[in-house]
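Right, one structure below, let's go through it.
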Amino acid sequence: MTETTLRILPPEPARRADWDRLYQGYAEFYRVEQTPEMRDRVWSWLQDPAHEVKGFLALDAAGRAVGLTHYRPFARPLSASIGGFLDDLFVDPAARGQRVADALIGAVANVGRAKGWSVIRWITAENNYRGRAVYDRLAQLTPWKTYDIRL
């Protein structure tokens, strides 16, 4: 499979089961407990044209969903610009190594270019070695650390 044999499309209602399977796989990869209700909420965001969260599914040549990504705009006050944040990226383990992640990231970058965003940014786990190999090839690693305050 190559990027040219993939179709990158927004997640349409007919693809709900595919998206559920992939998003559940993403949660399991990061060992995050995710309920069907949580997936219902995110799905509703993706189906709401007014919501900031958007997404893509990658379909292989046979029409099987093999990857997903979610993204959204974010304000960058210091640079007085808008960037895009890539929240989630997951590729079916059977399709890894076939440039699915490249195509999904490229689709988000294309949205950013069309909207005049200044950057596409994302975070990943330190131990996501396979993913980081892709990201190191496609983007620049930043020196920033991420902090959370749990509320």
Side-chain angles (χ1 to χ4, degrees), residues 1-30 32 34 38-126 128-146:
M1 181 172 12
T2 67
E3 287 182 65
T4 57
T5 63
L6 290 169
R7 288 185 304 146
I8 307 297
L9 304 169
E12 301 167 342
R15 294 284 179 186
R16 172 65 194 263
D18 292 328
W19 177 87
D20 271 346
R21 173 181 53 81
L22 291 166
Y23 205 42
Q24 185 173 1
Y26 177 73
E28 289 169 0
F29 178 82
Y30 279 115
V32 172
Q34 187 186 69
M38 292 165 72
R39 284 193 298 282
D40 286 346
R41 179 179 296 164
V42 176
W43 181 256
S44 75
W45 295 345
L46 292 167
Q47 299 308 301
D48 179 356
H51 200 280
E52 69 179 349
V53 174
K54 305 297 180 206
F56 288 117
L57 286 173
L59 307 180
D60 67 12
R64 176 171 152 66
V66 294
L68 67 71
T69 191
H70 303 137
Y71 64 93
R72 61 190 158 82
F74 74 100
R76 302 183 67 212
L78 190 58
S79 67
S81 66
I82 302 294
F85 198 86
L86 195 156
D87 283 292
D88 307 317
L89 178 69
F90 182 74
V91 174
D92 185 311
R96 291 185 184 158
Q98 299 177 46
R99 304 279 174 151
V100 176
D102 297 50
L104 287 164
I105 292 168
V108 174
N110 287 339
V111 168
R113 285 184 197 95
K115 292 185 176 288
W117 292 348
S118 58
V119 69
I120 302 296
R121 177 173 290 155
W122 64 94
I123 61 173
T124 194
E126 181 73 27
N128 183 7
Y129 302 112
R130 187 164 187 173
R132 288 179 53 205
V134 173
Y135 308 153
D136 287 345
R137 186 169 37 78
L138 298 177
Q140 179 181 357
L141 179 63
T142 73
W144 299 99
K145 300 288 184 186
T146 302

task = Measure across I120 and A109 and return the closest heavy-atom pair with its distance rounded to 0.1 Å.
result = CG1-CA, 4.0 Å
ask   = Do the side chains of D92 and R64 get nearer than 4.5 Å, heavy atoms only?
value = yes
ask   = How many angstroms lie between CG in D60 and CG in L6, if you round to the nearest 0.5 Å?
value = 7.5 Å
remark   = dist I123:CD1 -> F85:CZ (nearest 0.5 Å) comes out at 5.0 Å
key: Main-chain N/O of G55 paired with T69 side-chain donor or acceptor, under 3.5 Å   = no
task = Considering non-hydrogen atoms only, spot the tightest contact between A75 and I82 and give its length.
result = CA-CD1, 3.9 Å
message = Nearest 0.5 Å, please: how far is CD1 in I105 from CG in L138?
response = 5.0 Å
key: Y30/T124 under side-chain contact (heavy atoms from CB on, under 4.5 Å): CA gap, chis, key distance, verdict   = CA-CA 10 Å; Y30 279 115; T124 194; 2.9 Å; yes
request  = Hey, could you give me the CG/CZ distance between D88 and F29, rounded to the nearest 0.5 Å?
outcome  = 12.5 Å
query = When the ring planes of H70 and Y23 are compared, do they come out parallel, tilted or perpendicular, using 30° and 60° as the limits?
reply = perpendicular
inquiry  = side-chain contact (heavy atoms from CB on, under 4.5 Å) for F90 and L104? Distances and angles first, verdict last.
reply    = CA-CA 9 Å; F90 182 74; L104 287 164; over 6 Å; no
note = Value for CG (L59) from CG (D18), rounded to nearest 0.5 Å, stands at 7.5 Å
query = D102 and R137: side-chain contact (heavy atoms from CB on, under 4.5 Å), yes or no, with the steps?
reply = CA-CA 9 Å; D102 297 50; R137 186 169 37 78; 2.5 Å; yes
task = Grab the two heavy atoms, one from W19 and one from L46, that are nearest each other, plus how far apart they are.
result = NE1-CD1, 3.4 Å
query = Got a donor-acceptor contact below 3.5 angstrom from the R21 side chain to the A65 backbone?
reply = yes
key: Side chain Q47, main chain P11, donor-acceptor under 3.5 Å   = yes
message = A quick test of your reading: do over 12 heavy atoms of other residues, nucleotides or ligands sit less than 6.0 Å from CZ of R76?
response = yes
key: Non-hydrogen side-chain atoms of R15 and L9 separated by less than 4.5 Å   = no
query = Is there a donor-acceptor pair under 3.5 Å between the side chain of R7 and the backbone N or O of G63?
reply = no
inquiry  = Looking at every heavy atom in both Y71 and F56, which two are closest together, and how far apart are they?
reply    = CE2-CE1, 3.5 Å
query = How long is the gap from CD on Q24 to CD on Q34, to the nearest 0.5 Å?
reply = 7.5 Å
ask   = Can you name the closest pair of heavy atoms from W43 and R16 and give their distance?
value = CD1-NH1, 3.1 Å
inquiry  = Between K54 and P49 (side chain of the first, backbone of the second, donor and acceptor by atom type, cut-off under 3.5 Å), is there such a pair?
reply    = yes
The single option from K115, R121, R113 passing side chain to side chain contact (heavy atoms under 4.5 Å, CB included) against W117 = K115
request  = Check step by step if side-chain contact (heavy atoms from CB on, under 4.5 Å) holds for H51 and R72.
outcome  = CA-CA 9 Å; H51 200 280; R72 61 190 158 82; over 6 Å; no
key: Minimal non-hydrogen separation, L22 against L68, with atom names   = CB-CD2, 3.5 Å
